[in-house]
There are 2 protein chains.
Amino acid sequence: MHLEERQKRILAAVVQEYVLTGEPVGSRTIARRYNLGVSPATIRNEMADLEEMGFLEQPHTSAGRIPSDYGYRYYVDHLMEPQGLSPEEQEHIRRRFQQRVLAVEQLLEETARLLSEITPYTAMALEPNPSRAKIEEVQIMPLAVPHRALLVVVTEGGMVEHRVLTLPPSIYEEDLEKISEALNSVLKGCSLDDLKELKAQVLKEMAKTGEYKDLLGEVGLLLHHLLFLVGNEKVYLEGVFNILEQPEFRDLSRLKELLAFLDQEEALRRLLKAPPRRGLTIRIGQENREEGIDRCSVITISYGVEGKIYGKVGLLGPTRMHYARVISVLQYVAQSLSQVLAQFYG
Amino acid sequence: MHLEERQKRILAAVVQEYVLTGEPVGSRTIARRYNLGVSPATIRNEMADLEEMGFLEQPHTSAGRIPSDYGYRYYVDHLMEPQGLSPEEQEHIRRRFQQRVLAVEQLLEETARLLSEITPYTAMALEPNPSRAKIEEVQIMPLAVPHRALLVVVTEGGMVEHRVLTLPPSIYEEDLEKISEALNSVLKGCSLDDLKELKAQVLKEMAKTGEYKDLLGEVGLLLHHLLFLVGNEKVYLEGVFNILEQPEFRDLSRLKELLAFLDQEEALRRLLKAPPRRGLTIRIGQENREEGIDRCSVITISYGVEGKIYGKVGLLGPTRMHYARVISVLQYVAQSLSQVLAQFYG
DNA sequence: CGTTAGCACTCTTGAGGATGGAGTGCTAAA
DNA sequence: TTTAGCACTCCATCCTCAAGAGTGCTAACG
């Protein structure tokens with residue numbers, strides 16, 4: 001839909017003012033604070049038109065206007081001016097990432113926390129998807145208890161997963177190292193995704209060597225355990241507390257809905273894994289298909305190394321969100337995170 | 001302070017009724033629902049006495065009574081009747097623990113979730129303290145990037161910690177295995193706590209072998225990394241959402257206070273690590289020294305294997321808590337958790 | 001013909017005041 | 001010592017009312 005220049009400026013003014021104050025915006029306010037060179041009456045007329053076109057809404061007859069989801073969408077797509085971060089903020093973010101060398105998991109948790117500190121919204125970070133990452137090393141370590149061992153899998157990018165195994169009586173501690181080696185030689189470079197198809201082949205290969213024939217069943221079990229790791233990327237959630245500051249969640253029932261949503265890691269994972277795989281996504285209000293966040297906006301961005309997509313970070317807040325700033329923050333943080341990952345994990 | 005039999009029964013009635021309804025309890029209600037064989041007027045007199053002694057409080061003149069922290073304390077210490085779990089509930093809990101074999105971390109997360117599902121409160125679980133646990137295995141695994149390696153430490157009980165290391169140019173990938181072996185031979189059986197004192201000694205020992213002289217500095221660095229693992233047991237928090245159902249947190253400002261508290265992992269760790277190390281702890285209202293939970297009760301219980309204390313699990317809710325049930329649940333869950341740990345990790 | 005001033009109208013919000021109910025404390029009788 | 005009766009207190013709810021913000025409409029203006 002085409003908008004006149006003046007309508008665009010008024011829509012932008014309404015969005016900006018509403019994001020700032022959280023109160024419905026009246027024609028007088030806009031006339032006063034944004035000098036458009038026209039009177040409140042004119043603005044009133046334009047606002048009535050914008051409402052009819054679906055960009056604005058009126059909570060009740062004698063209140064000001066607030067942007068509709070569609071209004072926000074138009075603002076984000078056509079009106080919003082990019083708002084870079086100040087050098088101090090950039091410095092602050094860079095510092096946080098360079099403070100310590102961390103394993104990927106801790107790095108992501110730290111990223112989510114950082115985001116929740118520099119924005120008034122709730123931050124999420126999704127682990128790299130282990131199903132696509134290649135296996136770098138598989139180790140089976142003995143535990144103190146007889147016939148228990150720990151399966152540790154290190155995937156590309158320094159992700160570590162571990163599971164406890166119960167070994168059959170036929171396997172002794174001394175065998176574990178050899179089994180590890182054998183597994184390694186076959187599995188190194190595989191992705192967990194490949195594993196399903198490879199499973200049979202791997203078993204055959206190991207059968208050839210003869211040595212571990214007794215263990216084939218067990219190796220199958222190990223692979224089964226490996227496969228279990230697939231598709232359950234952890235989601236790090238920080239700053240749930242932030243949303244209490246947002247006036248739209250003063251209403252307890254709405255707050256409950258949102259918290260009920262945030263309580264389900266599975267739903268968060270879906271939210272972050274939704275396409276596209278790459279780049280920035282903005283979902284405003286009803287554009288979110290998930291239950292309980294139809295009054296929220298979710299902005300996500302991918303991070304990664306060397307063009308491979310590793311995972312996503314994102315922010316969740318009310319539709320009345322400071323889009324320009326949030327996008328700048330996310331872009332800068334994702335970029336910094338990617339750099340650190342590249343630096344330490346190639 | 002000594003209470004008459006009748007006073008005890010009235011106090012117990014007030015606590016039970018208040019826990020049930022959340023409304024201040026009047027004399028008539030007690031006379032009707034708990035047949036004490038006396039009239040409301042008599043109960044009124046006794047309640048006035050109980051208030052004077054500090055067991056009860058009155059929100060305002062013409063309201064019923066509610067228990068004070070002290071009243072709850074007396075109830076918990078002297079009046080509460082243990083309330084066992086139904087066979088169905090016991091079965092349900094046992095099943096949850098036997099469903100899958102999990103690494104300790106996942107097991108604790110699962111425990112917290114279980115607790116938050118079968119009680120209307122917020123559940124916490126504290127990891128075993130790695131500083132006291134003995135090291136079972138140390139492994140340095142190469143990463144794909146040159147001069148980056150992953151330090152994996154497995155401690156007693158199957159806890160796994162890992163950190164990314166930056167190796168100096170003088171160390172090659174081939175050395176890592178040997179270094180791991182050397183470290184292992186010295187460190188196996190150590191606790192991380194011992195490490196501080198052992199550090200110097202370990203370095204000396206390794207110097208004797210001669211072979212790794214160049215690496216002594218690096219080994220020192222590794223030990224430093226190991227020490228970093230100490231004292232930061234993770235806390236698993238589940239069911240924050242539950243507290244919204246509690247009427248005492250309808251008040252937004254109180255809710256904020258509590259959520260601000262729950263947001264600090266450090267505070268939760270302090271809360272769970274507070275003495276005693278062993279057994280059940282009940283802290284009611286002001287007995288909690290931490291800011292933000294002076295209207296809450298915290299009940300914790302230790303879990304462990306073979307008499308060693310491993311960690312704690314606990315529940316946090318309003319002082320108006322169903323103590324008898326919560327205690328039974330915690331005891332049963334801690335016992336089940338301990339059994340699973342014993343079974344898999346000795 | 002677009003823009004603007006003026007004005008009546010609508011709706012929310014908060015304060016003030018009346019009402020009913022729940023529960024108490026006190027007194028006097030059993 | 002216990003209980004019935006009663007006056008009293010305080011909260012919660014509802015209603016009303018006025019103020020304030022903002023609109024839509026109309027008519028006048030350039």
Side-chain angles (χ1 to χ4, degrees), chain A residues 2-11 13-18 20-68 71 247-248 250-252, chain B residues 3-11 13-15 17-18 20-68 71 247-248 250-252:
Chain A
H2 181 258
L3 291 187
E4 302 290 335
E5 192 54 37
R6 192 170 66 189
Q7 291 177 322
K8 288 183 185 173
R9 290 177 65 187
I10 290 176
L11 176 55
V14 172
V15 171
Q16 281 164 30
E17 192 65 22
Y18 184 59
L20 214 63
T21 65
E23 299 290 321
V25 184
S27 54
R28 240 178 78 89
T29 314
I30 290 185
R32 243 184 306 139
R33 304 210 190 139
Y34 302 73
N35 47 349
L36 304 181
V38 290
S39 74
T42 308
I43 295 176
R44 266 205 297 283
N45 288 331
E46 297 285 29
M47 281 165 91
D49 290 352
L50 284 169
E51 183 175 355
E52 195 158 350
M53 289 188 276
F55 293 102
L56 296 180
E57 285 171 356
Q58 217 171 0
H60 54 85
T61 337
S62 68
R65 303 304 207 294
I66 62 176
S68 66
E248 20 274 285
R250 292 243 193 86
D251 179 25
L252 260 197
Chain B
L3 292 186
E4 302 289 335
E5 192 55 37
R6 193 171 63 191
Q7 290 177 321
K8 288 182 185 174
R9 291 176 65 188
I10 290 176
L11 177 54
V14 172
V15 171
E17 191 66 21
Y18 184 59
L20 214 62
T21 65
E23 300 289 321
V25 184
S27 53
R28 241 177 76 89
T29 313
I30 291 185
R32 243 184 306 138
R33 304 213 189 138
Y34 301 74
N35 48 349
L36 305 181
V38 290
S39 75
T42 308
I43 294 176
R44 265 204 299 282
N45 289 330
E46 297 284 29
M47 281 166 92
D49 291 351
L50 285 169
E51 181 174 356
E52 195 160 350
M53 289 189 277
F55 293 101
L56 296 180
E57 284 172 357
Q58 218 172 359
H60 54 85
T61 338
S62 69
R65 302 306 208 291
I66 63 176
S68 67
E248 20 274 284
R250 293 244 193 85
D251 179 25
L252 260 198

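First the proteins, then the strands, lettered A, B, ... as listed; each starts at 1.
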Under the side chain to side chain contact (heavy atoms under 4.5 Å, CB included) rule, collect the residues that match up with A:Asp251, sequence neighbours excluded. A:Ser253, A:Arg254

Indicate the atoms forming the closest heavy-atom contact of A:Leu50 with A:Ile10, along with that distance. CD1-CG2, 4.0 Å

Could you tell me how far apart A:Glu52 (CD) and D:dG24 (C1') are, to the nearest whole angstrom? 13 Å

Mind listing the side-chain donor-acceptor pairs of residues 22-33 of chain A below 3.5 Å, one per line with the distance, residues two or more places apart or on another chain?
residue: A:Ser27; atom: OG; partner: A:Arg44; partner atom: NH1; Å: 3.3
residue: A:Arg33; atom: NH1; partner: A:Glu17; partner atom: OE2; Å: 2.4

What is the distance from CD of A:Glu4 to C1' of C:dT3, rounded to the nearest Å? 15 Å

Base versus backbone protein contacts along nucleotides 1-13 of chain D [heavy-atom cut-off under 4.0 Å; B, S, -]: -SBBB---BBS--

Residues which pass salt bridge (charged side-chain N to carboxylate O under 4.0 Å, His left out) with B:Arg250, listed by chain and number, not counting sequence neighbours: none

Quick one: salt bridge (charged side-chain N to carboxylate O under 4.0 Å, His left out) partners of B:Glu248, sequence neighbours excluded? B:Arg320

Rounding to an integer number of Å, can you tell me how far A:Glu57 CD sits from D:dG22 P? 18 Å

Once rounded to the nearest 0.5 Å, what's the spacing between atom CE of B:Met47 and atom CD of B:Gln58? 8.0 Å

Could you go through nucleotides 16-19 of chain C and list every protein N or O atom that sits under 3.5 Å from one of its N or O atoms, giving the distance for each pair?
none

B:Tyr18 OH - C:dG23 P separation (whole Å): 14 Å

Output all residues satisfying side chain to side chain contact (heavy atoms under 4.5 Å, CB included) with A:His60, sequence neighbours left out; order by chain, then residue number. A:Ser62, A:Ala63

So the side-chain hydrogen bond (donor to acceptor under 3.5 Å, both in side chains) pairs with at least one residue in residues 45-54 of chain B (sequence neighbours excluded) are B:Arg6-B:Glu46, B:Gln7-B:Glu46, B:Glu51-B:Arg65

To the nearest angstrom, the CZ-C1' distance between A:Arg65 and D:dG22 comes to 9 Å

Nearest-angstrom distance from the residue atom CG of A:Leu56 to C1' of D:dG24: 16 Å

Set of salt bridge (charged side-chain N to carboxylate O under 4.0 Å, His left out) partners for A:Glu57, sequence neighbours left out: none

Nearest whole Å is fine: how far is C:dT24 C1' from B:Ile66 CD1? 16 Å

In whole angstroms, the gap separating P of C:dT4 from CD1 of A:Ile43 amounts to 9 Å

